[in-house]
J.: 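Quick one: this structure, given as structure tokens, is what I'll be asking you about.
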Amino acid sequence: MKIKTVRVENFRAYKSETTFELNDLNVIVGKNDIGKSTVLEALDIFFNENKGTIKIDKDDVNKKCKAEGNTEIKISVVFEELPETLTIDATNPTTLESEYLLKPDNTLEIVKKYPNAGKEKVYIKANHPTNESCSELLLKKNADLKKLLTDEIECEDKTKNATIRKALWNHFSEDLQLNEIEIEIAKLDAKNTWEQLKKHMPLYSLFQSDRKNSDGDSEVQNPMKLAVAEILKDNELRENLNKVAQEVEKKLIEVSNKTLEKLNEMNPEIAESLTPIIPSPDSLKWIDVFKSVSITGDEDIPINKRGSGVKRLILLNFFRAEAERRQQETNVPSIVYAIEEPETSQHPNHQRKLIEAFIELSKADKTQVILTTHSPAIVKMLDFEHLQLIKDGEEKEVINIERSNLPYPSLNEVNYLAFGESNDEYHNELYGFIESEEILTDFKNGKDTILYKKLWRGQVKEQQIVLSEYIRHQIHHPENVENVRFTNEQLQESIAEMRTFITDNFE
């Protein structure tokens, strides 16, 4: 299963439902404290069920919503590339499509609600029959389903709930009254529906730039724990481990039974009151067996006790190794890597290698990467399709970067909107576009001018020019030191004027 869409509502800075459409590689950009990391942390809560890096609490409820009396957080994920079959009850395998558990576009939407930031309630939002004659069939037990069958409804096997549901829905196929509704999974007769769905959902691992400096929770151990989780998801390995667990269970039963037999010889009354309780093989948590997996440096010093640059360097190479491994191996489990500010504590050369690794990693089968960044340099290494810009206002707005606010694609424009990044390169780009469109005269018309001393064949010539031209000349002719260097405030002013002029002329 692969993430197609994420929706966040009433969670921290996100008051109203805000939607993110995800690709294989996703880079979320925006100004400080606008909600970039919030998206990654919402997904950690969703996938890792409050047992991952982030723990949900009452302070996560949006303050405006709370003041209005709404304290229910909602996080939704829409999945594509779904499993062909699914056992949603013990009677027989079926499909999400045949059970009307999909949206109109054949995607699966799982909605998690957290009343007062407490225990989650899980729903499937689907295009589902609402005709009273055949609605809520997934909530009914076998006896109740049989009561709905009439002589004119053909049913191949009345012992299988899925078969009865199919027969009923086929009978009313002309009037199912399909509508998009939310179905609470806990109320389904098939109690293992959610457990079955979770087996197909991707692993989700969040790496944050500012992690605790402890042996048990380190950004170096975290990749190793992820590696264990990924390895243990291999079907063949799980079968072998289950065989081991079943053999252990068998031996334990033998030991406990023999003990009770001997006890029965001495005191039958006590023996009859005792029953051996042995965990089933399915309940064993193999990942806990490997919880002490770690990487240590010289003299067994944990790597997470090293400097932040070293720790992030190890993390960098973990992703480089994963990119290579996942492209070479087949039948890898679905996985989502979420990394906050990968540029933190890294040399520019390392940043470049890391982004290259993420790009390659996202090309691997069943792999998605979500990043946040404050680095304009990283933005310029990416394609427009990778970028999502969060804009603040009355409501949060997520922009999938295409042409941005300019009439041409510009990564400099993305950096300007995301970080307020206005440099010489961006100024040159804007000025050059106005000049190429032959509207430079119109731009200059009516603007104040300033004195510029131009070097011409060894002589200094004075001329009055507009601010943007003054800055343009200084950028292109650094050898001319006859003029006062423009200030950053003037650079900002000039860029703002050119952006406004361009957008006004190309709306």
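One is the number of the first residue; the rest follow in order along the sequence. For clarity, every value in this text was computed on a predicted model and none was experimentally measured.
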J.: Nearest heavy-atom pair of D44 and G52: which atoms, and what distance?
T.: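 Shortest heavy-atom separation between D44 and G52 comes out as OD2-C, 3.6 Å.
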
J.: Between N483 and H473, does any side-chain donor sit less than 3.5 Å from a side-chain acceptor?
T.: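 Looking only at side-chain atoms, H473 and N483 do not form any donor-acceptor pair under 3.5 Å.
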
J.: Does the ring centre of F433 sit less than 6.0 Å away from the ring centre of F506?
T.: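 F506 vs F433: aromatic centres under 6.0 Å.
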
J.: Could you check whether any side-chain N or O of N116 sits under 3.5 Å from a backbone N or O of G118, counting only pairs where one atom can act as donor and the other as acceptor?
T.: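 No: the side chain of N116 does not pair with the backbone of G118.
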
J.: So does D448 have more than 12 non-hydrogen atoms from other groups sitting under 6.0 Å from CG?
T.: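 12 or below, so no.
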
J.: Is E80 paired with K4 through a side-chain N to carboxylate O contact shorter than 4.0 Å?
T.: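 Looking at E80 together with K4, the answer is no, because their closest N to O distance does not fall below 4.0 Å.
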
J.: Looking at E340 and K36, does any basic side-chain N land under 4.0 Å from a carboxylate oxygen?
T.: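 No, E340 and K36 are not salt-bridged.
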
J.: For the pair N10 (side chain) and N62 (backbone), establish whether a donor and an acceptor sit closer than 3.5 Å, ignoring hydrogens and angles.
T.: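 It does hold such a pair.
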
J.: Ion pair present between K15 and E68, side-chain N to carboxylate O less than 4.0 angstrom?
T.: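 So K15 pairs with E68 through a salt bridge.
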
J.: Got a donor-acceptor contact below 3.5 angstrom from the Q474 side chain to the I471 backbone?
T.: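 Here the side-chain-to-backbone pair does not exist.
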
J.: Scan side-chain atoms only and decide if N127 and E180 contain a donor-acceptor pair under the 3.5 Å cut-off.
T.: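 Looking only at side-chain atoms, E180 and N127 do not form any donor-acceptor pair under 3.5 Å.
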
J.: List the steps and the verdict of side-chain contact (heavy atoms from CB on, under 4.5 Å) for T107 and L102.
T.: CA-CA 6 Å; T107 57; L102 299 179; over 6 Å; no

J.: Indicate yes or no: does K198 engage E195 in a salt bridge with an N to O separation below 4.0 Å.
T.: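 Salt bridge: yes.
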
J.: Could E435 and R472 be called an ion pair, given the rule that one side-chain N must be under 4.0 Å from one carboxylate O?
T.: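 Salt bridge between E435 and R472, a charged N being under 4.0 Å from a carboxylate O: yes.
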
J.: Checking salt bridge (charged side-chain N to carboxylate O under 4.0 Å, His left out) for the pair D24/K2: CA distance, chi angles, key distance, verdict?
T.: CA-CA 9 Å; D24 292 333; K2 175 182 174 182; 2.8 Å; yes

J.: N70 side chain to E72 main-chain N or O, any donor-acceptor pair under 3.5 Å?
T.: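 Judged by distance alone, yes, a pair lies under 3.5 Å.
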
J.: Is there a donor in the side chain of N412 and an acceptor in the side chain of S410, or the other way round, less than 3.5 Å apart?
T.: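 No, because no side-chain N or O of N412 sits under 3.5 Å from a partner of the opposite role on S410.
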
J.: Can a donor-acceptor pair be found, under 3.5 Å and without considering hydrogens, that links the side chain of T503 to the backbone of R499?
T.: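 A pair under 3.5 Å: yes.
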
J.: Taking the side chain from H128 and the backbone from Y100, do they hold a donor-acceptor pair closer than 3.5 Å?
T.: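 Such a contact is found between H128 side chain and Y100 backbone.
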
J.: Decide whether E341 and T372 meet the rule of one side-chain donor and one side-chain acceptor closer than 3.5 Å.
T.: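 E341 vs T372: no donor-acceptor pair found between side chains.
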
J.: Would you please say whether a donor-acceptor pair under 3.5 Å links the side chains of T53 and Q208?
T.: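 No pair is found: no donor N or O on one side chain lies under 3.5 Å from an acceptor on the other.
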
J.: NZ of K112: more than 12 outside heavy atoms within 6.0 angstrom?
T.: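 Counting neighbours around NZ of K112, more than 12 heavy atoms of other residues, nucleotides or ligands fall under 6.0 Å, so yes.
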
J.: Examine distances only and state if a side-chain atom of D60 and a backbone atom of D57 form a donor-acceptor pair shorter than 3.5 Å.
T.: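 Pair found, side chain donor or acceptor close to backbone of D57.
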
J.: Strictly distance-based, threshold 3.5 Å: is any side-chain N or O of Y14 a donor or acceptor partner for the main-chain N or O of G35?
T.: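 Present.
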
J.: Would you tell me whether N480 and Y452 have side-chain atoms, one donor and one acceptor, within less than 3.5 Å of each other?
T.: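 Indeed, the side chains of N480 and Y452 share at least one donor-acceptor pair under 3.5 Å.
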
J.: Whether the side chain of E182 engages the backbone of I124 through a donor-acceptor N/O pair (distance < 3.5 Å, no angle test) should be reported.
T.: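 Between the backbone of I124 and the side chain of E182 there is no qualifying donor-acceptor contact (under 3.5 Å).
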
J.: Mark yes or no for whether Y204, through its side chain, and L40, through its backbone, hold a donor-acceptor pair below 3.5 Å.
T.: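 Checking the backbone N and O of L40 against the side chain of Y204, a donor-acceptor pair under 3.5 Å is found.
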
J.: Quick check: closest heavy atoms across V61 and A117, and the distance to 0.1 Å?
T.: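 Residues V61 and A117, closest heavy atoms: CG2-CB, 4.1 Å.
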
J.: State plainly whether the residues K353 and E356 are in salt-bridge range, i.e. N to O under 4.0 Å.
T.: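 Result for this pair is no, no salt bridge flagged.
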
J.: In plain terms, say whether E469 and K444 are close enough for a salt bridge, that is, a side-chain N and a carboxylate O under 4.0 Å apart.
T.: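 Salt bridge flag = yes for K444 with E469.
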
J.: Any salt bridge between K380 and E425, counting N to O under 4.0 Å?
T.: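 Result for this pair is yes, salt bridge flagged.
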
J.: One pair to check against side-chain contact (heavy atoms from CB on, under 4.5 Å): Y337 and Q368. What are the steps and the verdict?
T.: CA-CA 6 Å; Y337 298 102; Q368 287 180 282; over 6 Å; no

J.: Let me see the working for R485 and D424 under salt bridge (charged side-chain N to carboxylate O under 4.0 Å, His left out), right down to the final yes or no.
T.: CA-CA 13 Å; R485 178 71 179 180; D424 294 3; 3.7 Å; yes

J.: Any chance the side chains of E9 and T18 put a donor and an acceptor closer than 3.5 Å?
T.: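 Note: E9 and T18 side chains miss the donor-acceptor criterion.
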
J.: Salt bridge or not for E109 and R7, using N-O below 4.0 Å?
T.: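 R7 and E109: salt-bridged.
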
J.: Can you tell me how the ring of F501 sits relative to the ring of F443, calling it parallel under 30°, perpendicular over 60° and tilted otherwise?
T.: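 Perpendicular.
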
J.: Is there a ring pair (Phe, Tyr, Trp, His ring centres under 6.0 Å) between Y426 and Y416 once you walk through the steps?
T.: CA-CA 8 Å; Y426 188 37; Y416 179 82; 5.5 Å; yes

J.: Is the shortest distance from a Lys or Arg side-chain nitrogen in E81 or K366 to a carboxylate oxygen in the other one below 4.0 Å?
T.: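 Answer for the salt bridge query: no.
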
J.: Looking at every heavy atom in both N106 and L82, which two are closest together, and how far apart are they?
T.: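 Smallest heavy-atom distance, with atoms named: O-CD1, 3.6 Å.
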
J.: Tell me the closest heavy-atom pair linking S422 and L491, and the distance in Å.
T.: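 Taking S422 first and L491 second, the nearest heavy atoms are O-CD2, 3.2 Å.
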
J.: Side chains of S494 and H427: is there a donor and an acceptor less than 3.5 Å apart?
T.: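 There is such a pair (donor and acceptor under 3.5 Å, judged by atom type) between the side chains of S494 and H427.
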
